[in-house]
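A short write-up of the structure that comes next.
Position 1 is the first residue of the sequence; numbering continues from there. Note that this is a predicted model, so its numbers are computed, not measured. Because only heavy atoms are used, hydrogens play no part in the values below, and waters and symmetry mates are left out as well, while side chains stay in.
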Amino acid sequence: MPALSTIHDLAASAHGEETRLKLIHAATPEFIEQGFRAARVQQIAARAGVRLSAINYHFGGKEGLYLAVLRYHGDLAITQQPLLSDSALPLPDRFRFLIHSVLLRMLDEQQGCRIAQLVLREMVNPTAALDDIYHRFQQPQLQQILGLLQQILPEATQDTLLRCTLSMMSQCIIYVLARPLIVRTSPHLLTDPGWLEEIENHIVRFSWAGLMALREESHA
């Protein structure tokens, strides 16, 4: 039988991890709604149903909690929605898979991932966590996108590939940033049955046509 001290340590570890997750889940909407600087640790602790001191104990303070939230959602995005599909698939299918994954990360609230909203907040008002999330999450993901685009546009320069990436990502991000405008102008775009698939279809058609035009130019 395990020693009583071992059982106690395991129970304490499990309880500690449960508290950490409670705080991460409670802090996520607070950081998205208020941003890092305006977020209130008292509100986060209350949402999590734990003592305020638990934030310092588990994360060393507000900064550590914020970094943990970013890392948690970054890892969740990669696990739930990888950007790259089977390399044996045709390039158009792999490109669609990429757009599909990005949109799910950004717009599908059932996924539980909020990395898009958190990163957009961070971009508007950067903190010391920006370098960490860039090197840990954004840069590796960017390299995956650039690698796929390089196969679609083998003669393109790195600058062109980056501009293509920015154009594609912007089309996805705008549905997050412009949601209040869309709701007031054409709410059905975000509520009709199959709305997410319709957004995907449009972005895929629009972007693929642009990529093919660039490829034709390179062969002219």
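Side-chain contact check for Met169 versus Met106: some heavy-atom pair is nearer than 4.5 Å. Residues Gln151 and Arg94 have side chains in contact (heavy-atom distance under 4.5 Å, counting atoms from C-beta outward). For the pair Ile203 and Cys172, the minimum side-chain heavy-atom distance is below 4.5 Å. Side-chain contact between His100 and Glu197 is absent, with no heavy atoms from C-beta onward closer than 4.5 Å. With contacts defined as side-chain heavy-atom distances shorter than 4.5 Å, the pair Leu161/Ile145 does not qualify.
For the atom pair CZ of Arg37 and CZ of Arg121, the computed distance is 11.0 Å after rounding to the nearest 0.5 Å. Note that CZ of Arg163 and CG of Leu214 are 11.0 Å apart. Values are rounded to the nearest 0.5 Å. In this structure, CD1 on Ile173 lies 10.5 Å from CG on Leu107, to the nearest 0.5 angstrom. In this structure, CD1 on Ile99 lies 4.0 Å from CE on Met168, to the nearest 0.5 angstrom. Glu200 CD to Gln171 CD: the interatomic distance, rounded to the nearest 0.5 Å, is 12.5 Å. How far CG of Asp131 is from CD of Gln138: 10.0 Å, rounded to the nearest 0.5 Å.
Cluster membership check: Leu67 does not share its hydrophobic cluster with Phe59, using side-chain heavy-atom separations under 4.5 Å among Ile, Leu, Val, Met, Phe, Trp and Tyr. The cluster map of Ile, Leu, Val, Met, Phe, Trp and Tyr, joined by side-chain heavy atoms under 4.5 Å apart, puts Tyr57 and Ile44 in different clusters. Leu162 and Val119 fall into different hydrophobic clusters, where Ile, Leu, Val, Met, Phe, Trp and Tyr residues are linked whenever their side-chain heavy atoms come under 4.5 Å apart, directly or through other members. Linking ILVMFWY side-chain heavy atoms closer than 4.5 Å, directly or via other members, places Leu166 and Leu130 in two distinct hydrophobic clusters. Both Leu52 and Leu65 are part of a single hydrophobic cluster, where members link through side-chain heavy atoms under 4.5 Å apart.
Smallest separation of non-hydrogen atoms from Gly61 and Asn56: CA-OD1, 3.2 Å. Contact record, Glu122 with Thr127: OE2-N, 2.5 Å, taken as the closest heavy-atom pair. The nearest pair of heavy atoms linking Phe95 to Leu211 is CE1-CD1, 3.7 Å. Summarising the geometry of Leu120 relative to Val176, their closest heavy-atom pair is CD1-CG1, 3.7 Å, with the distance given to 0.1 Å. The minimum heavy-atom distance between Ala39 and Lys62, with the atom names listed, is O-NZ, 2.8 Å. Smallest separation of non-hydrogen atoms from Leu83 and Ser101: CD2-CB, 4.1 Å.
In this structure Phe97 satisfies the ring pair (Phe, Tyr, Trp, His ring centres under 6.0 Å) test with no other residue, sequence neighbours excluded. Every residue two or more places apart in sequence or in another chain was checked for a salt bridge (charged side-chain N to carboxylate O under 4.0 Å, His left out) with Arg179, and none qualifies. Remark: Phe137 pairs with no residue by the ring pair (Phe, Tyr, Trp, His ring centres under 6.0 Å) rule, at least two apart or across chains. When the ring pair (Phe, Tyr, Trp, His ring centres under 6.0 Å) test is applied to Phe206, the partners found at least two apart in sequence or on another chain are His202. Scanning for ring pair (Phe, Tyr, Trp, His ring centres under 6.0 Å) contacts around Phe31 gives Tyr66, with sequence neighbours left out.
When atom types are taken as modelled, the side chain of Thr160 and the backbone of Ala156 share no donor-acceptor pair closer than 3.5 angstrom. The backbone N or O of Ile115 sits nowhere less than 3.5 Å from a side-chain atom of Arg105 that would complete a donor-acceptor pair.
Around CD of Gln80, the count of heavy atoms belonging to other residues, nucleotides or ligands within 6.0 Å exceeds 12. Heavy atoms from other residues, nucleotides or ligands lying under 6.0 Å from CD of Glu109 number 12 at most. In this structure, Arg184 places its CZ atom where only 12 or fewer heavy-atom neighbours from other residues, nucleotides or ligands lie under 6.0 Å away.
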Checklist line | Criterion side-chain contact (heavy atoms from CB on, under 4.5 Å) on Gln150 and Gln158, from CA distance to verdict | finding: CA-CA 8 Å; Gln150 181 75 71; Gln158 285 299 303; 3.2 Å; yes

Next item on the list: May I have the step-by-step check of side-chain contact (heavy atoms from CB on, under 4.5 Å) for Leu189 and Ile199, ending in yes or no?
Entry: CA-CA 8 Å; Leu189 293 180; Ile199 293 174; 6.0 Å; no

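A side chain to side chain contact (heavy atoms under 4.5 Å, CB included) with Gln81 is found for one member of Asp108, Leu104, Leu103, Val102 and no other, namely Leu104.
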Which donor-acceptor pairs under 3.5 Å do the side chains of residues 68-76 make with protein atoms, sequence neighbours left out?
residue: Arg71; atom: NE; partner: Asp132; partner atom: OD1; Å: 3.1
residue: Arg71; atom: NH2; partner: Asp132; partner atom: OD2; Å: 2.7
residue: His73; atom: ND1; partner: Arg114; partner atom: N; Å: 3.1
residue: His73; atom: NE2; partner: Thr28; partner atom: OG1; Å: 2.9
residue: Asp75; atom: OD2; partner: Arg136; partner atom: NH2; Å: 3.4

